[in-house]
Amino acid sequence: METRQSITKVFGILTAGGDCPGLNAAIRGVCRAAHDRYNMAVIGIANGYRGLIDEDVRELQPKDFAGILTQGGTILGASREKPFKSQPGDVEMSEEKVQAIKEHYRKLKLDCLVVLGGNGTNTTGYLLAQEGLNILGLPKTIDNDIVGTDQTFGFHSALAIATEAIDRLHSTAQSHNRVMVIELMGHKAGWLSLYAGVAGGGDVILIPEIPYDIKAIGRHLIHRSQSGKRFSIVVVAEGALSVEEFRMDKKERKKYREQTVIPSIGYRVAKEIEVETGMETRATVLGYVQRGGIPCATDRVLATSFGTAAADLLAKGMYGRMVALIGNGIDSVDLSVPAGKTKPVPVNHYMVDTAISVGTCMGTHRI
Ligand code: F6P
């Protein structure tokens, strides 16, 4: 392959926040294109921002990013270290952590730092850019909640796993004439539950953006039962909340949830359904299975495209940006766009309407 000109000669790469399928595909995409096409050197940083604080780094060679396209997790390791925040149990102050990052960035002679992560990671990237470092972000998360990109990689793999889980619950729900509640991840956004709920034919879907009314859910489930449908599937996003909680102020809600969300929201909703309808109800929390394993084809393609686009930005010296999917093309946005924000499901999103049109209850009568 012909070597092209590049402004970036050496860059560091890290994966931060919760892992997800597609991280290795993205690492491979960035590193292959940067190394083979532009002859850049790559410094792999271990365990997210933690590795840059501790200078836990090594130069990556082509053999390191070969054969990883299909692997789950991240070859670099990840952590939830947020250097701009002092966290419980921290031995260093946040200023010391930021100082260490800046010092090691300079010592390693990095022209840029490429950060693969969600909202927190890209926000930290933005703050480091404000401190004078060259940063490029890539949007990954199963939550699909990053502002500035139409999609994040990791989402479609989690969606496939969650949909299969719902399919499996269908048969056992049918055998026992039960209501089956499944709690999915998504942090404060309902993307994963909405999409998996539609893909799996959920009868009720509860997302944080639409506070639920247990009476409306009860009426829907009783109506289904009376019309001969003797089992139901209820998909609950981990961030779902009731209309009563929605009306509470932050402090009140926190206290209320500490008492009622035991062990988690899925169990609470299952209990509420049993009390409201008298129907036998079971809860399943899918948990980390959603984030594990190999990336699906869509995520491999998206992560690879994001990765090679990042290499092109590095070559041009276009720093301070996050690679993004916009419409049908790969583009980039200023890091200030995703910084400090999350992207909720708009209540007028076409998928909400799609769900309602096929008879799914979104937890309320008011939409
Ligand atoms: O952001 C991804 C995610 O899996 C969320 O869906 C979930 O709320 C959170 O991470 C779990 O975080 P942790 O890995 O720190 O338990």
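Predicted, not measured: the structure shown is a model, and the values here were computed from it. Remember, it's 1-based here, ligands and their atoms both numbered in the order they're listed.
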Does any pair with a residue in residues 116-144 pass salt bridge (Lys or Arg N to Asp or Glu O under 4.0 Å), and if so which ones, sequence neighbours excluded?
-> K102-E131

Who pairs with A315 by side chain to side chain contact (heavy atoms under 4.5 Å, CB included), at least two apart in sequence or on another chain?
-> S6, Y38, M40

Using a distance-only test with no angle check, is there a side-chain donor-acceptor pair under 3.5 angstrom linking S242 and E245?
-> yes

Geometric N/O contact I142 with ligand 1, under 3.5 angstrom = no

Hey, can you tell me if F306 and F153 have their rings parallel, tilted or perpendicular (30° and 60° cut-offs)?
-> tilted

Checking heavy atoms under 4.0 Å, the part of Q290 that sits near ligand 1 is neither

Heavy-atom nearest neighbour in the protein, as seen from atom 16 (O) of ligand 1, with distance rounded to 0.1 Å | Y288 OH, 2.4 Å

Note the single closest protein heavy atom to atom 15 (O) of ligand 1, along with its residue, its atom name and the distance in Å.
-> R80 NE, 2.6 Å

Between T364 and D213, does any side-chain donor sit less than 3.5 Å from a side-chain acceptor?
-> no

Would you say G118 contacts ligand 1, with heavy atoms under 4.0 Å as the rule?
-> no

Quick one: nearest non-hydrogen protein atom to atom 3 (C) of ligand 1, plus distance?
-> R291 NH1, 3.6 Å

Among all protein non-hydrogen atoms, which one is nearest to atom 1 (O) of ligand 1, and what is the separation to 0.1 Å?
-> D143 OD2, 2.7 Å

Numbered in order shown, the ligand 1 atoms found under 4.0 Å of a heavy atom of E238 are 5 (C), 6 (O), 7 (C), 8 (O)

Step by step, work out the ring-ring contact (aromatic ring centres under 6.0 Å, His included) result for H156 and Y195.
-> CA-CA 10 Å; H156 277 280; Y195 276 65; 7.4 Å; no

